[in-house]
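What you are looking at is a predicted structure, and each value in this text was computed from that prediction instead of being measured.
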Amino acid sequence: MNTRLVSLFFSLLLLVACADLPKFDTREVDKSLLPTQVAADIKNFKGKTVMWGGTILSGTNFKDTSRLEVLAYPVDEDGWPERDQKPLGRFILSQKGYLETADYATGRLITVVGTVS
């Protein structure tokens, strides 16, 4: 596994750009899980709910899904990515349907709550 690129696929429960950050329901979120930990032992963490955030690096639409590659950063109590902290690797999120890549553009901040798959 390439340690520089942590690739995780999620079925997102919620996908929201940080500019319109709502209050997330984090009751089931395991806040201790980091992208690098999950990538090292993905089978052990499959099905866990996480809240990760970061900067969008790229977006791609496929026939039935859209994927975003994100450079992960720690998120604060309100769910905002803390870009002044050390990056936590990368993750890929997968959303059924179409995401407008102009809305989810490279460089934009994003926070997601999703299930590790």
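The number of heavy-atom neighbours closer than 6.0 Å to CD of Glu28, taken from other residues, nucleotides and ligands shown, is 12 or below.
Looking at every heavy atom in both residues, Val29 comes nearest to Met51 through CG1-N, 3.6 Å. Among all heavy-atom pairs drawn from Val50 and Asp30, the shortest one is CG1-O, 4.4 Å. Taking both residues in full, the closest heavy atoms of Tyr73 and Pro81 are given as CB-CB, 4.4 Å, listed atom of the first, atom of the second, then distance. Across all their heavy atoms, Ser94 and Arg67 have their closest contact at OG-NE, 3.9 Å.
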After noting the C-alpha distance and the side-chain angles of Val38 and Trp52, does the key distance pass the side chain to side chain contact (heavy atoms under 4.5 Å, CB included) rule?
-> CA-CA 12 Å; Val38 174; Trp52 292 339; 3.8 Å; yes
May I have the step-by-step check of side chain to side chain contact (heavy atoms under 4.5 Å, CB included) for Gln95 and Val112, ending in yes or no?
-> CA-CA 11 Å; Gln95 170 71 36; Val112 295; over 6 Å; no
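Criterion: ILVMFWY side-chain heavy atoms under 4.5 Å apart, direct or through other members. Under it, Ile42 and Leu93 are part of a common hydrophobic cluster. In the hydrophobic cluster analysis, where Ile, Leu, Val, Met, Phe, Trp and Tyr join through side-chain heavy atoms closer than 4.5 angstrom, Phe91 is grouped together with Leu33.
Although no hydrogens or angles enter the test, the distance criterion places a donor-acceptor pair under 3.5 Å between the side chain of Asp76 and the main chain of Asp78.
Taking CG of Leu71 as the reference point, atom OG1 of Thr106 lies at 12.0 Å (rounded to 0.5 Å).
For Glu100, the side-chain hydrogen bond (donor to acceptor under 3.5 Å, both in side chains) criterion is met by Tyr98, not counting sequence neighbours.
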Listed pairs under 3.5 Å, donor-acceptor, residues 55-62 side chains, sequence neighbours left out:
unit_1	atom_1	unit_2	atom_2	d
Asn61	OD1	Ser66	OG	2.2
Asn61	OD1	Leu99	N	3.4
Asn61	ND2	Leu99	O	3.0

